[in-house]
Protein chains: 2
Amino acid sequence: MAQTDTVTRILDTAEVLFAERGFAETSLRTITSKAKVNLAAVNYHFGSKKSLIQAVFARYLDPFTERFHGVLDELETRHAGGVIPLEELLESMARTVLEVPAERNSLKVFMKLLGLAYSQAQGHLRRYIQEEYGSVFTRFTELVRRATPELPDAERFWRLHFVLGTVIFTLSGLDALRDIAEKDYGEHVSVRDLIRRLRPVVVAAMNAPLPEAPVTDRAEAS
Amino acid sequence: MAQTDTVTRILDTAEVLFAERGFAETSLRTITSKAKVNLAAVNYHFGSKKSLIQAVFARYLDPFTERFHGVLDELETRHAGGVIPLEELLESMARTVLEVPAERNSLKVFMKLLGLAYSQAQGHLRRYIQEEYGSVFTRFTELVRRATPELPDAERFWRLHFVLGTVIFTLSGLDALRDIAEKDYGEHVSVRDLIRRLRPVVVAAMNAPLPEAPVTDRAEAS
DNA sequence: CTACGTTTCAAACATTCGTTTCCATCAGGG
DNA sequence: CCCTGATGGAAACGAATGTTTGAAACGTAG
């Protein structure tokens, strides 16, 4: 089937280029020429560039959410009725994130895309991801809530986003950081090595003491 | 002097639009029309769009680096010869970051721009920032090194970037996150409130226990 | 007042972009 | 065999982009 071949080749090429340069900076002509398909193929198979971008994300996020739901199912039945420990939840998520892209491409690309989706703030992409895949994240946070009853809801919300920032930021900027680290410390770091370093930091962040009592809140800067 | 007025108006407008939409997604026509200056003014005063982007960053980073050098000077003389505690270093940096943009615009814009500079990975911008302002960061990390002698060099390097990721990611995506937090927890968070929440997390992250011994390192995914 | 360097302005330029169109190719079922 | 629907391919379209141009307007020193 030639169709599948063309579609796959477009997606494979697009995700790499998107990750390297960003969405707006990657033209359809660059994608199609490097993928050795016709320029019109993108609009024919995907409808528009915007849909192509979403398709690139869907190819990562669809397997991830499906698998992660399965992992959470298994975790919940194993701790039937009880509370799943925080570290186990984090471990499961990390493992799932690691497994999914390993099947096809590199984790680096996936993380870079996630980082872009968050910073390339505007409109359609963040909304698309939120509305399409928000349910898994909601389920996960609910489990985290039960695992950390001592944390106020708002505090837990922010800390989850703190560690999310750590992971996405680090792994999406991995190449540049790795170059610096290698130059300065002569040490080559693999993704698995980085995750090994991340684990105690993330756990410590989630278990950090609560901030001092909120001072009388004055008007803010922004 | 009309020149200064035009230049300032361009910079003021550009930084807001860049922060909202990204660099490539913001055209010179959008900037100049909203700033009520002529289209050619950008190329006349800045030379090119690329230089305008760098000028936007310079207007934040120049005062920051200058002031931060001063703060570090003061810290070093106060602890003459001795070691500056880690928390004091982090506090000083946070305070400096907070003070500089408060003079003109919002911290949010500055952080958003930083986030963009990191994700919008490619080429000129990251190199520009690194080569132009890398010295302060080098000086800072050296002081952190003396404050945390128990940390291996590589570990400290990565942890600094971990917390850098936390801060930039959180503060650059602040608006979106704030909306969610407000909707889910009815709680309005100010920037200062967020920093109050960040502090114990960052300290805990830096002081986290060392990761377990490096397992035999197999080939990595990417 | 005049002359000159600086700044503003409208218009145009050349390029690049996403998208569309139209035709060739090919497969399988009537 | 021819018809039909799906796909590949070349070319063109219209819009938007960054940049350049040349003249007008401005402020100021002589």
Side-chain angles (χ1 to χ4, degrees), chain A residues 1-59 113 116-117 120-125 127-128, chain B residues 1-59 113 116-117 120-125 127-128:
Chain A
M1 231 170 282
Q3 177 224 354
T4 300
D5 190 49
T6 298
V7 169
T8 305
R9 203 156 53 223
I10 290 176
L11 286 173
D12 287 345
T13 312
E15 70 176 19
V16 173
L17 290 176
F18 283 153
E20 283 177 357
R21 322 181 180 188
F23 302 116
E25 295 86 346
T26 306
S27 69
L28 294 185
R29 284 173 172 82
T30 307
I31 296 173
T32 52
S33 76
K34 183 161 267 184
K36 286 204 254 286
V37 302
N38 190 270
L39 169 61
V42 169
N43 288 280
Y44 177 76
H45 286 287
F46 297 95
S48 67
K49 183 180 183 180
K50 197 146 73 175
S51 303
L52 169 64
I53 295 175
Q54 295 182 351
V56 166
F57 274 89
R59 204 165 60 140
L113 291 175
L116 279 176
Q120 209 108 337
Q122 91 143 335
H124 79 103
L125 195 50
R127 240 175 299 134
Y128 168 77
Chain B
M1 228 173 282
Q3 176 222 357
T4 300
D5 190 50
T6 299
V7 169
T8 306
R9 203 153 57 222
I10 290 176
L11 286 173
D12 288 344
T13 311
E15 70 177 18
V16 173
L17 290 176
F18 283 153
E20 283 176 357
R21 323 181 181 186
F23 303 115
E25 295 85 347
T26 306
S27 70
L28 292 185
R29 284 174 173 80
T30 307
I31 297 173
T32 53
S33 76
K34 183 161 267 184
K36 287 206 253 287
V37 302
N38 190 271
L39 169 62
V42 169
N43 287 281
Y44 176 75
H45 287 287
F46 297 94
S48 67
K49 183 181 183 179
K50 198 146 72 174
S51 302
L52 169 63
I53 296 175
Q54 295 182 351
V56 166
F57 274 88
R59 205 167 56 140
L113 291 175
L116 278 175
Q120 210 110 334
Q122 93 143 333
H124 79 105
L125 195 50
R127 239 175 301 134
Y128 168 76

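As a basis for the values below, the full set of heavy atoms in this structure was taken, side chains included, without hydrogen atoms, waters or symmetry mates. Convention: sequence-line order gives letters A, B, ...; per-chain numbering from 1.
For the pair A/N43 and C/dG18, the criterion of a side-chain N or O lying under 4.0 Å from OP1 or OP2 is not met. The side chain of A/H45 places an N or O atom within less than 4.0 Å of a non-bridging phosphate oxygen (OP1 or OP2) of D/dG8. For D/dT7, neither phosphate oxygen OP1 nor OP2 lies less than 4.0 angstrom from any side-chain nitrogen or oxygen of A/T6.
Rounded to an integer number of Å, the gap from B/Y44 OH to D/dA23 P is 17 Å. Atom C1' of nucleotide D/dA16 and atom NZ of B/K49 are separated by 11 Å, given to the nearest angstrom. In this structure, NZ of B/K36 is placed 19 Å from C1' of C/dA10, rounded to the nearest angstrom. Atom pair A/K50:NZ and C/dT19:C1' shows a separation of 14 Å (rounding to whole Å applied). Rounded to a whole Å, the CZ atom of B/F46 is 15 Å from the P atom of D/dG18. Going from atom CD1 of B/I53 over to atom P of D/dT17 covers 14 Å, rounded to whole Å.
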Compile the donor-acceptor pairs under 3.5 Å between side chains in residues 37-44 of chain B and protein atoms, sequence neighbours left out, one pair per line.
{"residue": "B/N38", "atom": "OD1", "partner": "B/A40", "partner atom": "N", "Å": "2.9"}

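Between A/R59 and A/T8 there is a side-chain heavy-atom pair separated by less than 4.5 Å. Contact of the A/F57 side chain with the A/L116 side chain is not registered, since no non-hydrogen atoms from C-beta on lie closer than 4.5 Å.
Looking at every heavy atom in both residues, A/S51 comes nearest to A/F46 through CB-O, 3.1 Å. Residues B/K36 and B/R9 approach most closely at O-NH2, 3.7 Å, considering heavy atoms.
Within 4.0 Å of B/A40, counting heavy atoms only, lies at least one base atom of the nucleic acid.
In the region residues 26-33 of chain B, proximity to DNA chain D at under 4.0 angstrom, judged on heavy atoms, holds for B/T26, B/S27, B/L28, B/R29.
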| task | Take B/F23 and B/L113, measure what side-chain contact (heavy atoms from CB on, under 4.5 Å) needs, and give me the verdict at the end. | result | CA-CA 9 Å; B/F23 303 115; B/L113 291 175; 4.2 Å; yes
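Picking from C/dT21, C/dA11, D/dA12 the nucleotide with the shortest atom distance to the side chain of A/L39 gives D/dA12. For A/N38, the side-chain atoms get nearest to D/dG9 when compared with the rest of D/dG9, D/dT21, C/dT8.
Here A/T30 pairs with A/L17, A/R21, A/S27 under the side chain to side chain contact (heavy atoms under 4.5 Å, CB included) rule; sequence neighbours left out.
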